[in-house]
Chemist: 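Sharing a structure with you now.
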Amino acid sequence: ESVDLDFKHDYNVEQGFPILKTAGNTPDIESFLFVIPGGVLASMYEQWNERLLEQNPRTFLQFTGKVNKGIRNTILNEPEKFFSYNNGISAVAEEVVLDSDLKNLEAVRNFQIVNGGQTTASIYNAMVQARKTKKSINLDNISVMVKLSVIKDKDRAEEIIPKISEYSNTQNKVNPSAFSVRHIFHKTIEKY
């Protein structure tokens, strides 16, 4: 089943989302960037669940891992910094519907998240936990960057989508010690 999203009618985003068409588009792929509120992303996941992630190689790993705990802490304690702390999501689609000025995204046909399943599921699960415990949570303070690749050549979609998924999910491991290199202590020692 095609995951078709109508942001204006299904998610009450009256103006749609401001969208930026990126440079470097090809005959096969048209690329866009936009920001989606966490509340809308959680509602999308609530409606479509795992069907939103069918092209994603990972499933939600709960809040037991270090990364997912970090995502959850940001959601609960610093939601306004989520955009800065999180890489966002990469998605593919068959078609976008823009407003008459071509500045706002109103709908997407056959939307799939190929990278960012942990982010999406973490935001959704934070909403579910808040409901269960009757705690207040405002997911609209969370901004999630979306890199959207629209596959224009339908005949090549089976070849292109796996590459987008593979490349956006392939990362070099960074040792935790590497993060301390920029610490003021190390900079001071280097000066001495």
Chemist: Do M127 and Y11 belong together in a cluster built from hydrophobic side chains that touch within less than 4.5 Å?
Modeler: yes

Chemist: What distance separates Q129 CD from Y124 OH, expressed to the nearest 0.5 Å?
Modeler: 10.5 Å

Chemist: Is it the case that more than 12 heavy atoms not belonging to E158 sit under 6.0 Å from its CD atom?
Modeler: no

Chemist: How about CD on Q15, more than 12 heavy atoms from neighbouring residues, nucleotides or ligands closer than 6.0 Å, or not?
Modeler: no

Chemist: Going by atom type alone, with no hydrogens or angles, which donor-acceptor pairs under 3.5 Å involve a side-chain atom of residues 29-44 and a protein atom two or more places apart or on another chain?
Modeler:
residue : atom : partner : partner atom : Å
E30     : OE2  : K21     : NZ           : 2.7
S43     : OG   : G39     : O            : 3.0

Chemist: Taking the side chain from N125 and the backbone from A121, do they hold a donor-acceptor pair closer than 3.5 Å?
Modeler: yes

Chemist: Provide the closest heavy-atom pair for S122 versus I71 in the form atom of the first, atom of the second, distance.
Modeler: CB-CG2, 3.4 Å

Chemist: At what distance, to the nearest 0.5 angstrom, does CG of D155 lie from CD1 of I160?
Modeler: 10.0 Å

Chemist: Once side-chain contact (heavy atoms from CB on, under 4.5 Å) is applied, do any residues pair with S2, and if so which ones, sequence neighbours excluded?
Modeler: D4, R109, N110

Chemist: Ignoring hydrogens, what is the shortest heavy-atom contact between V3 and Q112? Give both atom names and the distance.
Modeler: CG2-NE2, 3.8 Å

Chemist: With a 3.5 Å distance limit and no angle check, can you tell me whether N49 reaches the backbone of R51 through a side-chain donor-acceptor pair?
Modeler: no

Chemist: Could you grab the distance from atom CD of E50 to atom CD1 of I113, nearest 0.5 Å is fine?
Modeler: 10.5 Å

Chemist: Donor-acceptor pair, distance only, cut-off 3.5 Å: does the side chain of E54 make one with the backbone of V114?
Modeler: no

Chemist: Quick one: CG on L98 to CG on L105, what's the gap to the nearest 0.5 Å?
Modeler: 6.0 Å

Chemist: How long is the gap from CE on M145 to CG on N86, to the nearest 0.5 Å?
Modeler: 8.5 Å

Chemist: Do N141 and F82 pass the side chain to side chain contact (heavy atoms under 4.5 Å, CB included) test, and can you show the C-alpha distance, the side-chain angles, and the key distance before you say yes or no?
Modeler: CA-CA 9 Å; N141 287 337; F82 196 88; over 6 Å; no

Chemist: Any sub-3.5 Å donor-acceptor pair from D99's side-chain atoms to N104's backbone N or O?
Modeler: yes

